[in-house]
Structures are given as C-alpha cells and as structure tokens.
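Labels below follow one simple rule: chain letters A, B, ... track the order of the sequence lines, proteins then strands, and each chain is numbered from 1.
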Protein chains: 2
Amino acid sequence: MLRKSADRGILNAVPLADQPTPTPAPAQPAKRARRADAERNRDAIIEAAGAVFAEQGGTVDVREIARRSGVGMGTLYRHFPTKDHLLATVLEQEFTSWLTAAHQTATATEDPWQALTGFFEQTLTHLARNRALVESYAATGGPTHECARHRDSVFDDLRTRCLNAGLLRPDVSTADLVLLITSLSRAIQATGDSHPGQWRRLLRISLDGLSSRNTEPLPEPAPNADPGRRWRAAPGRLG
Amino acid sequence: MLRKSADRGILNAVPLADQPTPTPAPAQPAKRARRADAERNRDAIIEAAGAVFAEQGGTVDVREIARRSGVGMGTLYRHFPTKDHLLATVLEQEFTSWLTAAHQTATATEDPWQALTGFFEQTLTHLARNRALVESYAATGGPTHECARHRDSVFDDLRTRCLNAGLLRPDVSTADLVLLITSLSRAIQATGDSHPGQWRRLLRISLDGLSSRNTEPLPEPAPNADPGRRWRAAPGRLG
DNA sequence: GCCTAACCGGAGCAAGCGCTCCTCTTTAAG
DNA sequence: CTTAAAGAGGAGCGCTTGCTCCGGTTAGGC
C-alpha cells in the first residue's frame, strides 16, 4: 500500500543536463561518435517510457520500461543517469510539443474567449491521456520550471486578449488560470474511466465563473505564507 | 519517485469490521473484558495516527505512528489488522465528525446560497488541514462508500434548497458538486504553504459559475463508461 | 497473593524498487 | 581483418516498508 517514496516527488526538477544534443564536444581529441545501436536504443527507451508513464504514471517500476523497450537495465541507465531524468526528458518533450500546438491553435482563433476556452479544452483533453503529466502538474506545476514559465506566458497572452475585449473578469490572474488547470486535472483523474467527460461540465462551470459577467471582486490572496500551517513542505507530492 | 502502489488507492474501501464497539459478544462463556492498558493504547494509536496522517498523508511509515504513540509494532498490529484499516478508522472518524458539524452549520443558515458557499468553505478549510483526507478524496471520493453516501445526501439537500430558491443553475447535479470539491482539493494541495488561501479565489470563481445567472446548459455527461479507454498512451508525439 | 490469558515490544522476514557492477558482445576506425 | 572502445544485459546490492513471531510482562478474576 501507499509508498513513501511518492514523497520524493514525481521529479525533483532535474536539470536535464543530458539533452538530445548528440553532437560531441568539438574539443581536440575528436571523440568517436555515438554508435548506431545506442541511438536506436535510446529512442526505443524514450518511446516505451512515454507510453508506460502515460498509462501508469511516474511510479512504474523501471524494469517495466526496460522490458517494454527490449533493453536491459544497464542500457537504460547508460542513457539516463536516473529514473527522474528519463521521466523529465519524456515529460518535457510531451509538454513542449503540446504547448506549441495548443498555442498555435489559440493564436489562430479570432475570438479571444473562444481561444481561451479552446485552450483549456485542448489542454485538459491532453492531460486526460497522460497520467504522468497530471502528476507533474500536481508536483511542480509542470515538468520543469522552464516549461511552466513558457506555459505561463501563453496563459498571460490569452488572458490579456480576453481582458482587452472585456470578456474576462478583471482581477483574474495568470496564477488563477494555472491553478484552475491544476485543479481540473484532479477532476480528470477522479472521474477516470467510469465517468469520462464529466470534467467538461466542471470546466464549463469554471469558465462561466471567469466571465466578466461576474462583477464581484475575488478575495485578495494572502501576501505571504502562513507559518502556522500544518502541512510539511514535502518536495513535490502527487495527489 | 512516485509509487506504483498509489494505484491501489489510499485505501481499498476496507470493510471496517473492527469498529469502536468494545462490548464483547454476550455469548455464554462471558469472555474477559478488554484490559485497561489495551484500551489506552488503542486510543493513543488512533490519536497519533490522526496527527501523522494529517501531516504527512497516507504514505507514512507505520513505524512512525508506532513511535509517536509510544507503542511497539506488535501492539499496533494487534489493534489494527492492517495499515489500511487504521487509516480507514481514522479517516472515517475525521470525516463524519466534520460532516455532522458542517451539516448543522448549513442547516442553521437561512439563505440557501449562503449555506452552500459556507459549506464549501468549511469543507475545504478542513481538507486543507488533512492531507490524508485529500488523498482519500482523490482515490474513492471519501474514506468509505458509507461516508461518501452521507456526504452526497448533504450535498443533495443543499442543492435542492438552492434550486428551489432559483439560485443554482438548474442542471447542476450532486455529482458535479462532489467533483468540484475533489477538484478544488487539488488546488489546496498545489498551493500548499507558498500561496495559502489562493484556492479561495478559485472557489469564488467556481461558485459564481454555479449561479443561476449562467443560463447555458452544461454539456451532457457521457451515458456510460468507454471500455476502450485505459490511460492510453499518447499516440506518438503530438504536434 | 497466584495464575493465566491477554498484552507488549522490537528484531526480523519478505517483497518491491532504484541503481550498480561486471562480463560478454558489437561497432567501426584504421 | 584487427582491435580497442563503446555498448548490452541482468544478477544482485542496499534500502525502504508492510507485517509477523515469540519471549517477556502485566492486568485482573479468584
């Protein structure tokens, strides 16, 4: 039952030092290039890991990933120093490719409100298919801080467009929108397969609440952390 | 990193066969009553477990609970056959005592809308203080099915009152309200200590979206579960 | 005060999981 | 073709964690 290791978080904001930059350092000795089989295996690992993480979440046994990609443990750990590094790599890829697509869709949509709601719908549909991604939202608001910043800028863009058109209640912050996504991702997880799509009703309700037809101001956020709170920090906890 | 067993949920809807009914069966042999020290230890365990679960969630090491209650492992497992049983006992106590209080408050509130919003506020404030309770919401919608049913009836009561007063958009279901609580509990977890109270803004937004001033109908829920879905992998990189 | 069933405590077992070590195989430069 | 470096693979280590076992202790009926 319930493992403590979950406390270590879905990923610890790993620096991702090993990027897909196969170009060797142009130093003097001109090291030998990466072998073809190694390249092939790396790809296989990433693909298998992507599938497994999406299905089972970030808690899967590394052996399962190795098995599915037809590779040994040693090979896996040759390419990725840590399970968290592998997870971060996969999630970052998934996240940025989605964000780029969703942003393009939103930009191509004339009506600002339509752009905002469409973005939410697209985001959550994507999240509904990827368990590890949902977990990463719970832990750190996204796979990496870099990713989160990128997403925030997109959100801010959408928000500004809606504000200028007078469609959004004026005191909604970008942080509110991000928190809304995080919150709704829980609804997706909770409904799961038994009530697919019920989260869309909640999304509609929330979006209606964002509309400028609601005139009362939102409660002010507390300016700083309340030290009296009982929850320990516990770096990155999934829910 | 992330645990696999999380899949098993925070608790497996344990039957809770061992209730706080210390009365021995009134059978013929008139068994000896429970010893005083045993009773004391049981209480100490429940109290310590309550604190530890609230702070650290359901994943804590059982040894920590034993240590805090000043009791050995053997003693702990004499009173509770399983960690999950202990967790269920604690959560059920916490849940019902809260639900009773919150229901009374709501019933005593004249204005139906005030009663509903107050109930949400009270519930979420309580959840913000108990990590294990939040987890149980994510897993099964509440500590036990019994608890969940009780809560649903309270929600249904509040909903009916608001509907009769014409304050709630008419097609909001009880399930929507429960899902909203579940969803917002994630917001509480996500904001944690760093942005305490930010979830109140989201709560306000959602409640505004529930108001009858929003006239458009909600999307129909899918009638039944789609058996083909199972956290399918993202079909290749999207983009 | 005696005696026995009930109780206590913690060392230890088994299973799960991240990760390493080491031997054997394969690639590709020369 | 030769050969050395890079890669592959899987048994196994170390650690955590849920739970058990059993010798020692104590309450409480008589």
Side-chain angles (χ1 to χ4, degrees), chain A residues 1-12 14 18 22 24 29-45 48-49 52-53 56-88, chain B residues 1-12 14 18 22 24 29-45 48-49 52-53 56-88:
Chain A
M1 33 249 31
L2 314 174
R3 280 204 251 103
K4 170 77 149 270
S5 25
D7 294 7
R8 293 181 43 198
I10 184 161
L11 54 84
N12 303 343
V14 143
D18 88 310
K31 280 260 188 148
R32 189 183 280 189
R34 180 145 36 187
R35 263 165 52 173
D37 53 346
E39 199 87 23
R40 240 178 298 126
N41 275 334
R42 192 191 148 96
D43 290 349
I45 291 169
V52 173
F53 282 143
Q56 328 231 51
T59 66
V60 278
D61 192 333
V62 193
R63 289 163 179 80
E64 168 73 14
I65 297 173
R67 208 176 307 126
R68 276 233 226 167
S69 46
V71 144
M73 293 290 294
T75 305
L76 196 153
Y77 276 94
R78 165 175 304 278
H79 289 288
F80 300 93
T82 273
K83 181 186 176 184
D84 279 348
H85 275 79
L86 171 57
L87 181 54
Chain B
M1 9 328 330
L2 320 179
R3 43 210 166 87
K4 162 96 136 260
S5 22
D7 297 6
R8 294 181 40 197
I10 185 161
L11 54 82
N12 304 343
V14 143
D18 89 312
K31 282 261 189 146
R32 189 183 281 188
R34 179 148 36 187
R35 264 164 53 172
D37 53 347
E39 199 86 24
R40 240 178 298 126
N41 275 335
R42 191 191 147 96
D43 291 349
I45 291 169
V52 173
F53 282 143
Q56 328 229 52
T59 65
V60 277
D61 192 331
V62 193
R63 289 164 180 80
E64 169 72 14
I65 297 172
R67 207 176 308 128
R68 276 233 227 167
S69 46
V71 144
M73 292 291 295
T75 305
L76 195 154
Y77 275 95
R78 164 174 306 278
H79 289 289
F80 300 93
T82 273
K83 181 185 176 184
D84 279 348
H85 276 80
L86 171 58
L87 181 54

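Nearest nucleotide to the side chain of Asp37(B), out of dG7(D), dG9(C), dA27(D): dA27(D). The side chain of Arg35(A) lies closest to dT26(C), out of dT26(C), dG18(D), dT20(C). Considering only side-chain atoms of Asp61(A), the nucleotide from dC8(C), dC17(C), dG18(D) that sits closest is dC17(C).
Between the CZ atom of Arg78(B) and the P atom of dC21(D) there is a distance of 12 Å, rounded to whole Å. In this structure, CG of Leu86(A) is placed 13 Å from C1' of dG18(C), rounded to the nearest angstrom. Rounded to an integer number of Å, the gap from Leu87(A) CG to dG18(C) C1' is 14 Å. For Arg67(B) and dC8(C), the CZ to P distance is 19 Å, given to the nearest whole Å. Rounded to an integer number of Å, the gap from CG of Leu76(B) to C1' of dT17(D) is 14 Å. Per the geometry, CD1 belonging to Ile65(A) stands 11 Å off C1' belonging to dG18(C), to the nearest Å. Rounding to whole angstrom units, CD of residue Gln56(B) and C1' of dT17(D) are separated by 15 Å. With rounding to whole Å, Arg34(B) atom CZ is found 16 Å from dG28(D) atom C1'.
Judged purely by atom type and a 3.5 angstrom limit, Lys83(B) uses its side chain to pair as donor or acceptor with the backbone of Val60(B).
Residue Met73(A) is the one, among Met73(A) and Tyr77(B), whose nearest nucleotide of DNA chain D lies closer to the 5' end (criterion: closest heavy atom).
With hydrogens and angles ignored, a donor-acceptor pair closer than 3.5 Å exists between the side chain of Arg63(A) and the base of dG12(D).
Atom CZ in Arg40(A) sits 10.0 Å away from atom CZ in Arg35(A) (nearest 0.5 Å). The structure places CZ of Arg78(A) at 13.5 Å from CE of Met73(A), a figure rounded to the nearest 0.5 Å.
For dG7(D), neither phosphate oxygen OP1 nor OP2 lies less than 4.0 angstrom from any side-chain nitrogen or oxygen of His79(A). Side-chain N/O atoms of Thr82(A) include one lying less than 4.0 angstrom from OP1 or OP2 on dC19(C). Applying the 4.0 Å criterion to OP1 and OP2 of dG7(D), one finds that Thr75(A) has every side-chain N and O outside that range. For the pair Asn41(B) and dC8(C), the criterion of a side-chain N or O lying under 4.0 Å from OP1 or OP2 is met.
Using a 4.0 Å heavy-atom criterion, one finds that Ala36(A) contacts the sugar-phosphate atoms exclusively.
Contact check on Arg67(A) versus Glu64(A) returns a salt bridge, with a Lys/Arg side-chain nitrogen under 4.0 Å from an Asp/Glu carboxylate oxygen.
Annotation: side chain of Phe80(A) is not in contact with side chain of Leu87(A) (no heavy-atom distance under 4.5 Å).
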